[in-house]
Amino acid sequence: QVELVESGGGLVQAGDSLRLSCAASGRSFSSSAMGWFRQAPGKEREFVAAFRWSGDATYYADFVKGRFTISRANAKNTVYLQMNSLKPEDTAVYYCAASIRLNTIPNYYAKRENFNYWGQGTQVTVSS
């Protein structure tokens, strides 16, 4: 059984920073990529960022480019999401996801259906 555990969410003010962490575990589990999605109340879950282990490739949604950075830990199956210059519209539950599929198409990991495992989510609230 594969488990993804997120941490690092919280309540901050606009302009502040937060760092989310996600660790995936499971016997013989090895992901090809891990990513972050978010879901605000009343909205669809949307792609935020992804990290593909092969080539250390990173992908971002346009609305976070220049503000958020996804990175890996030394241990595989662990990723971080550094969020700077947070805005009230960044308020959402942030979900970590892992994909066992390897693909180099640029938008492949921007699609929810290409991830196999999901965490429970961590709340990020940004006050104005």
Side-chain angles (χ1 to χ4, degrees):
Q1 184 174 352
V2 177
E3 183 179 26
L4 276 67
V5 178
E6 304 112 329
S7 61
L11 171 63
V12 296
Q13 293 186 331
D16 285 351
S17 299
L18 276 177
R19 189 175 84 155
L20 305 183
S21 300
C22 176
S25 62
R27 182 175 294 183
S28 301
F29 175 71
S30 180
S31 64
S32 292
M34 293 180 70
W36 291 95
F37 289 73
R38 71 184 187 184
Q39 188 167 17
K43 295 188 176 181
E44 294 286 318
R45 191 172 300 188
E46 63 181 354
F47 170 72
V48 176
F51 188 101
R52 191 189 73 220
W53 304 110
S54 174
D56 284 359
T58 56
Y59 307 94
Y60 295 97
D62 287 342
F63 56 79
V64 301
K65 285 181 180 177
R67 298 192 299 127
F68 292 9
T69 303
I70 189 169
S71 62
R72 57 172 291 177
N74 289 333
K76 196 176 179 183
N77 295 329
T78 299
V79 291
Y80 306 109
L81 184 67
Q82 178 66 43
M83 305 186 294
N84 298 329
S85 302
L86 283 162
K87 305 175 182 180
E89 51 263 44
D90 293 318
T91 295
V93 177
Y94 284 70
Y95 295 91
C96 178
S99 175
I100 60 174
R101 306 184 186 104
L102 176 62
N103 196 298
T104 58
I105 296 174
N107 291 327
Y108 183 84
Y109 295 114
K111 299 179 180 179
R112 293 169 52 183
E113 59 266 30
N114 293 328
F115 286 84
N116 308 96
Y117 303 99
W118 293 84
Q120 293 300 307
T122 184
Q123 176 70 45
V124 172
T125 303
V126 185
S127 64
S128 58

Please set out all donor-acceptor pairs under 3.5 angstrom arising from side-chain atoms of residues 118-128, sequence neighbours excluded.
from, atom 1, to, atom 2, distance (Å)
Thr122, OG1, Gly9, N, 3.3
Gln123, NE2, Ala92, O, 3.4
Gln123, NE2, Thr125, OG1, 3.3
Ser127, OG, Val12, O, 3.3

## Note on the structure
Scanning both residues in full, the closest heavy-atom pair of Phe115 with Ala33 reads CE2-O, 4.3 Å

## Note on the structure
Residue pairs meeting disulfide bond (SG atoms under 2.5 Å apart), one or both in residues 38-74, sequence neighbours left out, come to none

### Query
What residues form a salt bridge (charged side-chain N to carboxylate O under 4.0 Å, His left out) with Arg67, not counting sequence neighbours?
Asp90

#### Entry: Pair Ser31-Asn77, side-chain donor/acceptor within less than 3.5 Å
yes

### Qualifying disulfide bond (SG atoms under 2.5 Å apart) pairs, either residue in residues 31-82, two or more places apart
none

### Message
Taking ring-ring contact (aromatic ring centres under 6.0 Å, His included) as the definition, give me every residue that meets it alongside Tyr117, ordered by chain and number, with sequence neighbours left out.
### Response
Phe29

### Query
If only atom types and distance count, is the side chain of Tyr108 paired as donor or acceptor with the main-chain N or O of Arg101 below 3.5 Å?
no

Side-chain donor/acceptor pairs under 3.5 Å, residues 40-48, sequence neighbours excluded:
from, atom 1, to, atom 2, distance (Å)
Arg45, NE, Gln39, OE1, 3.4
Glu46, OE2, Arg38, NE, 2.8
Glu46, OE2, Arg38, NH2, 3.3

### Task
Quick one: list whatever passes salt bridge (charged side-chain N to carboxylate O under 4.0 Å, His left out) with Glu3, sequence neighbours left out.
none

### Task
Report yes or no: does Thr78 contribute a side-chain atom to a donor-acceptor pair with the main-chain N or O of Ala73 at less than 3.5 Å?
no

### Task
Specify the closest pair of heavy atoms between Ser99 and Tyr109, including all atoms of both residues, with the distance to one decimal.
OG-CE2, 3.7 Å

### Query
Going only through I, L, V, M, F, W and Y residues with side-chain contacts under 4.5 Å, is there a path from Trp36 to Ile100?
no

#### Entry: Chi angles and distances behind the side-chain contact (heavy atoms from CB on, under 4.5 Å) call for Met34, Cys96
CA-CA 7 Å; Met34 293 180 70; Cys96 178; 3.8 Å; yes

#### Entry: Residue pairs, two or more places apart or on separate chains, that pass ring pair (Phe, Tyr, Trp, His ring centres under 6.0 Å) and touch residues 65-106
none

### Task
Name all pairs fulfilling the disulfide bond (SG atoms under 2.5 Å apart) condition that reach into residues 38-73, sequence neighbours left out, sorted by first residue then second.
none

### Message
Taking Val64 as the starting point, is it possible to reach Ile70 by hopping between hydrophobic residues whose side chains are less than 4.5 Å apart?
### Response
yes

### Query
Minimum heavy-atom separation for Leu102 to Ser54, with atom names?
CD1-CB, 3.9 Å

### Message
Which residues pass the ring-ring contact (aromatic ring centres under 6.0 Å, His included) test with Phe51, not counting sequence neighbours?
### Response
Trp53

### Summary
Quick note, salt bridge (charged side-chain N to carboxylate O under 4.0 Å, His left out) partners involving residues 4-21, not counting sequence neighbours, are none

#### Entry: Interatomic distance, Asp56 atom CG to Arg72 atom CZ [nearest 0.5 angstrom]
5.5 Å

### Message
Are Leu11 and Leu86 connected into the same hydrophobic cluster when the rule is that any two of I, L, V, M, F, W, Y join if their side-chain heavy atoms are below 4.5 Å apart?
### Response
no

### Task
Would you name the heavy atoms of Tyr59 and Pro106 that are closest together and state the gap between them?
CD2-O, 3.2 Å

### Message
Going by side-chain contact (heavy atoms from CB on, under 4.5 Å), name the residues that satisfy it together with Asn84, two or more places apart in sequence or in a different chain.
### Response
Ser17, Gln82

